[in-house]
Protein chains: 4
Amino acid sequence: MTESIGARQAQVERNREALLAAAAAVFVEQGVQAPVRVIADRAGVGIGTVYRHFPSRAELVTAVYRHQLDECASLARRLLEEDVSPAVALTRWVDAFVEFLVTKHGLGVALQSEDPSLLSLRTLMLDKLVPACASLIDAGVAAGQLDPRLTAYALMRAIGNLCILGAHYGRSDAKDMVDRLLIGCRAPQHG
Amino acid sequence: MTESIGARQAQVERNREALLAAAAAVFVEQGVQAPVRVIADRAGVGIGTVYRHFPSRAELVTAVYRHQLDECASLARRLLEEDVSPAVALTRWVDAFVEFLVTKHGLGVALQSEDPSLLSLRTLMLDKLVPACASLIDAGVAAGQLDPRLTAYALMRAIGNLCILGAHYGRSDAKDMVDRLLIGCRAPQHG
Amino acid sequence: MTESIGARQAQVERNREALLAAAAAVFVEQGVQAPVRVIADRAGVGIGTVYRHFPSRAELVTAVYRHQLDECASLARRLLEEDVSPAVALTRWVDAFVEFLVTKHGLGVALQSEDPSLLSLRTLMLDKLVPACASLIDAGVAAGQLDPRLTAYALMRAIGNLCILGAHYGRSDAKDMVDRLLIGCRAPQHG
Amino acid sequence: MTESIGARQAQVERNREALLAAAAAVFVEQGVQAPVRVIADRAGVGIGTVYRHFPSRAELVTAVYRHQLDECASLARRLLEEDVSPAVALTRWVDAFVEFLVTKHGLGVALQSEDPSLLSLRTLMLDKLVPACASLIDAGVAAGQLDPRLTAYALMRAIGNLCILGAHYGRSDAKDMVDRLLIGCRAPQHG
DNA sequence: GATGAATGAGGGTTCATTCAT
DNA sequence: CATGAATGAACCCTCATTCAT
């Protein structure tokens with residue numbers, strides 16, 4: 001009996017994961033505006049199940065990207081502990097961030113849209129990623145390698161925006177432009 | 001008689017301008033996806049009048065931004081004729097472009113969306129702005145001031161993206177980030 | 001002065017004729033449901049002129065076919081005066097009627113539709129064509145060549161219906177079927 | 001549990017049937033072009049429910065008439081197996097076909113319209129009914145009772161057209177005219 | 001908890017008709 | 001009289017969300 005309860009809970013969790021995976025995939029293919037129905041079908045569950053796990057589209061979207069944001073935040077912590085220069089650490093983190101953004105390309109759009117269904121996602125980003133990015137920037141500024149006027153939030157928004165892909169502006173263009181942006185974030189040269 | 005005909009034509013033109021102004025304002029407030037009905041209401045006309053002037057949403061969107069694109073394109077020509085260094089000319093043009101983008105900030109979104117109703121706008125941009133920007137870049141590359149790998153289209157897309165504003169990422173942030181991007185577009189230093 | 005009034009009236013009449021011709025042509029090409037705007041354009045007049053001449057679509061449609069109905073009615077009178085057998089006269093008249101119907105193929109539809117905008121047309125047909133057809137039938141019945149139970153109205157409706165063309169059912173099919181129908185209208189054989 | 005699921009499925013099926021009945025009734029009263037909204041209201045469901053069951057107008061229209069077409073096709077098979085002369089079999093089948101057409105008289109119109117939303121219905125008819133009718137005609141021709149030039153498609157189109165009812169042209173008129181048409185389809189008499 | 005049928009507001013677009021000039 | 005800009009009801013269809021089972 002205890003087992004069957006456990007089994008039921010496991011099934012519940014499995015549904016939740018299937019939904020997150022399905023939503024992530026669908027967002028990549030069709031954008032964040034994709035119909036809820038499509039996600040339910042892809043996950044192999046009924047549409048009611050979507051709403052049981054995520055009371056509104058907004059919360060589904062948020063949940064989908066929370067995973068990725070968490071991983072991205074923890075990466076910053078790991079990089080800071082490694083034995084590399086702060087500028088290199090930031091570059092590597094940004095590379096990873098960009099890789100995320102251009103792979104699951106819905107995220108860039110999500111960060112930019114005024115859509116109220118994406119508001120909670122921006123809030124989440126504020127909470128998770130800005131501190132992570134700020135810690136890297138602080139280190140770089142302290143080492144004299146980065147422009148001290150740079151703020152984590154603005155940098156992340158800028159990178160997020162640069163990673164909104166489209167016709168004739170693909171993954172490599174975004175990476176190239178982010179690289180150029182980072183060059184412009186270096187500490188100004190004296191003398 | 002002639003006068004009253006003229007008066008009517010003037011009224012028609014005023015309606016058209018009112019629609020363009022209303023659409024521009026609504027696009028800023030609600031995004032380019034705003035319902036046509038909202039624009040009609042804002043302009044104080046019936047919905048049929050919108051479709052009389054602009055047979056489809058796509059053409060309305062295009063018309064809203066065409067003015068700005070035209071002015072931007074002609075600015076590039078003027079700057080090339082002035083007696084400033086190519087790098088300065090590009091910087092000035094980009095400043096003006098950014099000013100446009102952040103003022104009527106729907107344009108950035110419009111350039112990025114995959115929505116078919118925005119396709120004609122992207123085409124318009126390609127036709128009008130890319131050659132203008134390319135002429136400035138060419139001059140800068142010829143003068144050894146710009147990275148020769150830079151392409152006009154990618155630069156414009158990047159700038160357009162950087163100018164998609166939002167909560168806590170405003171006009172001055174966008175300008176700052178574009179400045180940094182331009183720094184990263186300079187010719188690499190030898191030696 | 002009198003002349004210019006006459007000239008103006010002539011222009012009015014010319015507009016009216018142009019509208020009827022345009023409507024007839026458009027109805028053939030696009031069906032009786034064609035937008036009023038299309039007819040106005042084809043006639044080279046403003047849409048207001050259509051409504052000045054024909055206060056509603058219904059009256060325009062009626063007017064378009066009145067011409068043809070008139071001609072058809074007068075044909076019956078002429079045939080009766082010729083020196084042919086009543087059966088032959090009816091056959092010839094039906095041939096001409098069918099030719100009309102399949103050429104201006106909107107008419108068949110118009111006769112059949114429940115659309116209120118076509119009500120007045122059916123009324124017109126009753127007034128114009130039924131007497132014409134009835135006179136031919138009467139002669140045929142009197143000569144013992146036609147089934148006396150045949151009514152003019154039903155026969156015309158039937159012929160009208162048979163002449164509604166469509167994919168894979170063209171002009172020659174309609175003619176063939178009308179011929180067969182007429183065979184079935186002959187006086188029953190005794191014996 | 002099983003019972004309540006069954007009950008729900010039964011309700012779904014009842015909705016579907018209600019929609020078909022409502023559509024059939026509305027088509028008779030207002031024609032096949034009747035707004036989907038009217039059908040939804042008549043069936044007592046929301047408009048979304050219509051589209052859930054029938055993804056487009058075309059599929060609703062097709063579904064409404066599919067039943068009748070199926071029954072009509074199977075009737076032809078049964079008649080061929082009975083011990084009656086081919087001419088009698090065709091007459092009986094045509095009687096049944098006409099009965100269908102004049103009862104749900106939208107079908108005649110549907111077969112004739114050029115509207116793309118009715119294309120699938122015509123296709124359906126081609127697939128279902130033409131072979132059925134052709135088998136009867138073939139038998140009649142083989143028995144020397146029918147004009148060998150007769151084609152199933154044209155005959156059915158003609159009968160369909162004759163069954164488009166209207167003011168002063170009712171069910172008995174249509175039946176009478178179809179009878180006369182069939183007389184005209186008999187094998188020509190030899191000298 | 002899971003299901004998916006039902007809902008209905010809302011979106012883009014068309015077109016008959018009116019009316020000021 | 002002629003014009004054609006303006007109107008807005010109506011149409012088809014989509015999709016987020018609810019809720020009975």
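All of these numbers come straight from a predicted model, not from anything done at the bench. Proteins get letters first, then strands, A, B, ... in listed order; numbering begins at 1 in each.
Projected onto DNA chain E by closest heavy-atom contact, D/Val12 and B/Val38 fall at different nucleotides, the more 5' of which corresponds to D/Val12. Nucleotides of DNA chain F nearest to B/Gly46 and C/Gln9 differ in position, and the one nearer the 5' end is that of C/Gln9.
Ion pairing between B/Glu59 and B/Arg66 fails under the 4.0 Å rule for side-chain N and carboxylate O. Under a 4.0 Å N-O distance rule, the pair D/Arg42/D/Glu29 qualifies as a salt bridge. A salt bridge between D/Arg37 and D/Asp41 is present, with a side-chain N of the basic residue lying under 4.0 Å from a carboxylate O of the acidic one.
Residue A/Tyr65 holds its OH atom at 13.0 Å from CE of A/Met125, rounded to the nearest 0.5 Å. Between B/Leu101 atom CG and B/Ile164 atom CD1 the span is 9.0 Å, to the nearest 0.5 Å.
The closest donor-acceptor contact from the side chain of A/Arg52 to the backbone of A/Ile47 lies at 3.5 Å or more, if one exists at all. No donor-acceptor pair under 3.5 Å is formed between the side chain of D/Thr49 and the backbone N or O of D/Val45.
In this structure, A/Asp41 atom CG and F/dA16 atom C1' are separated by 15 Å, rounded to whole Å. Atom CG in D/Leu60 sits about 11 Å away from atom P in F/dC12, given to the nearest Å. Note: CZ (D/Phe54) to P (F/dT14) measures 16 Å, nearest angstrom. We find that CG of C/Leu19 is positioned 13 Å from P of F/dG4, with the value rounded to whole Å. Between the CZ atom of B/Arg14 and the P atom of E/dT21 there is a distance of 11 Å, given to the nearest Å. In this structure, C/Arg16 places its CZ atom 15 Å from C1' of F/dC1, rounding to the nearest Å. One can place CZ of C/Arg52 at 11 Å from P of F/dT3, the figure rounded to the nearest angstrom.
The residue from A/Leu60, A/Leu20, A/Val12 that alone fulfils the side chain to side chain contact (heavy atoms under 4.5 Å, CB included) condition with A/His53 is A/Val12.
Using modelled atom types, one finds a donor on one side chain and an acceptor on the other under 3.5 Å when comparing D/Gln11 with D/Arg14.
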How would nucleotides 15-20 of chain E be written as a contact map, 5' to 3', with B for base contact, S for sugar-phosphate-only contact and - for no contact, using protein heavy atoms under 4.0 Å? SSBB-B
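Not one side-chain nitrogen or oxygen of C/Asn15 sits closer than 4.0 Å to the OP1 or OP2 atom of F/dC1. Considering only side-chain N and O atoms, A/His53 lies under 4.0 angstrom from the phosphate OP1 or OP2 of E/dA2.
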Using Watson-Crick or G-U wobble pairs with both distances under 3.5 Å, give me DNA chain E in dot-bracket, 5' to 3', with [ ] for crossers and | for pairs to another strand. .||||||||||||||||||||
